[in-house]
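Have a look at the structure below before the remarks.
The structure displayed is predicted, hence computed values, not measured ones. Note on naming: letters A, B, ... go to the chains in the order of the sequence lines (proteins, then strands), and numbering restarts at 1 for each one.
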Number of protein chains: 2
Amino acid sequence: MLQLSKKVEYGLIALRHMALKQRGQVFTAKEIALEYDLPYDLLAKILQKLTRANIVVSTQGVRGGYALAQRPEEIQVSHVIRTIEDEKPMIAECYAEGTDTCSIFDACTIRKPLGKVQRNLESLLQNMTIQEII
Amino acid sequence: MLQLSKKVEYGLIALRHMALKQRGQVFTAKEIALEYDLPYDLLAKILQKLTRANIVVSTQGVRGGYALAQRPEEIQVSHVIRTIEDEKPMIAECYAEGTDTCSIFDACTIRKPLGKVQRNLESLLQNMTIQEII
DNA sequence: GGAAATCCGACCTATTGAGTCCTGTTTAAG
DNA sequence: CTTAAACAGGACTCAATAGGTCGGATTTCC
Ligand code: SF4
Ligand code: SF4
């Protein structure tokens with residue numbers, strides 16, 4: 001349906017929250033979840049994914065939490081989506097996965113034209129960073 | 001997940017098929033379904049929706065079928081999506097539906113910035129017509 | 001040692017997408 | 001004037017995904 005998932009939205013909200021304060025400060029998943037009334041467990045997993053992708057850094061232990069690993073203007077929205085969704089934001093299934101995932105791949109006539117939309121969307125999301133959603 | 005639905009893809013394939021031949025010719029749902037190996041019943045319903053939106057015209061009866069109601073360059077992809085999905089191609093839920101559909105609407109901080117992506121995407125899809133996917 | 005945090009996989013459940021079925025109605029052809 | 005080929009459309013099933021939850025492990029500060 002061409003809509004961002006809640007996970008991505010939650011991730012963006014969290015990233016924006018961190019971008020508001022100065023660099024180096026750590027935020028716990030709990031405080032972010034409370035502030036925006038997000039489901040804690042879900043947000044935690046999202047932040048873990050962002051950690052693995054080196055978008056944020058985590059410090060464990062009792063005074064731990066998350067902090068941005070890059071400057072806000074360096075974090076592309078497209079990278080965030082890709083990380084949280086485990087794949088690129090793709091307009092058509094056959095672009096996201098293999099050529100053999102779509103049963104009508106051979107007969108399909110709109111594949112190439114959709115590639116054009118794909119590229120446009122991609123540059124749209126690449127040129128947008130966390131800096132711009134503050 | 002930011003992906004077009006099969007319905008939309010099938011609709012675009014059908015529209016492109018009709019756009020290939022000259023205007024006025026009618027095509028049955030059956031022949032299109034066979035040609036591209038699409039599920040007949042599903043395609044039929046898609047074409048019915050496109051009919052109600054005056055994107056195609058249908059003629060009933062034994063020699064009936066569907067034909068484009070507009071010239072290919074007049075049919076916007078965004079209109080096709082909107083018709084088949086019953087709504088606009090919206091990046092965020094709160095844009096597509098009311099302000100009260102998202103539980104964190106008030107706390108949400110990324111709503112406005114996403115509006116920017118929204119507008120970009122919209123113009124992208126409006127400027128693309130069936131003519132361009134031939 | 002214990003509290004507060006991240007980590008991570010397994011699990012559950014509601015919603016949506018994809019597809020099917022069935023019964024109409026329309027209309028050209030024979 | 002009957003029949004077959006088409007559209008019209010609601011109801012339904014099935015499968016996949018999204019969204020959310022749980023339980024337990026590990027890390028680290030006090
Ligand atoms: S082959 Fe065509 S129908 Fe299949 S996923 Fe790609 S664009 Fe869509
Ligand atoms: S209010 Fe925010 S989180 Fe909710 S749908 Fe809109 S953009 Fe997404």
Problem - B:V26-B:L68 co-clustered via ILVMFWY side chain contacts under 4.5 Å - result: no

Problem - 4.5 Å side-chain heavy-atom contact, B:D37 and A:D106 - result: no

Practice task
Test A:R71 against A:E74 for salt bridge (charged side-chain N to carboxylate O under 4.0 Å, His left out), laying out the working first.
Solution key: CA-CA 5 Å; A:R71 277 177 291 131; A:E74 289 174 329; 2.9 Å; yes

Fill in the blank from the handout: Regarding the side chain of A:K45, the nearest nucleotide among D:dA6, D:dC29, D:dG20 is D:dG20

Fill in the blank from the handout: From the candidates C:dT6, D:dA8, C:dT20, the one with an atom nearest any side-chain atom of A:Q60 is C:dT6

Exercise for the section: Please work out if A:Y40 contacts a base, only the sugar-phosphate, or nothing of the nucleic acid, heavy-atom cut-off 4.0 Å. Expected result: base

Handout entry: 5' priority, DNA chain D, between A:D41 and A:V62 [closest heavy atom]
Key = A:D41

Problem - Pair of N/O donor and acceptor under 3.5 Å linking D:dT17 base with A:K7 side chain - result: no

Problem - Atom-to-atom span, CD1 of A:I13 to P of D:dG19 - whole angstrom - result: 13 Å

Practice task
Report which part of the nucleic acid A:A44 touches: base, sugar-phosphate, or nothing (heavy-atom distance under 4.0 Å, all strands).
Solution key: nothing

Practice task
Could you tell me whether the phosphate oxygens of C:dC7, OP1 or OP2, come under 4.0 Å of any side-chain nitrogen or oxygen in A:S58?
Solution key: yes

Handout entry: Any B:Y10 side-chain N or O less than 4.0 Å from OP1/OP2 of C:dA18
Key = no

Practice task
Taking only the side-chain nitrogens and oxygens of A:Y66, find out if one of them lies under 4.0 Å from OP1 or OP2 of C:dA5.
Solution key: no

Problem - Hphob cluster co-occupancy, B:I134 + B:M18, side-chain heavy atoms under 4.5 angstrom - result: no

Problem - Contact summary for A:V117 and B:M128, nearest pair of heavy atoms - result: CG2-SD, 3.3 Å

Exercise for the section: May I ask you to evaluate whether B:R52 reaches the phosphate of D:dA8, defined as a side-chain N or O under 4.0 Å from OP1 or OP2? Expected result: no

Exercise for the section: Tell me whether the OP1 or OP2 atom of C:dA5 has a side-chain N or O from A:T59 closer than 4.0 Å. Expected result: no

Practice task
Would you indicate which nucleotide in C:dT6, C:dA28, D:dG20 comes nearest to any side-chain atom of A:K6?
Solution key: D:dG20

Problem - Value in whole Å for how far the C1' atom of D:dT17 lies from CG of B:L2 - result: 15 Å

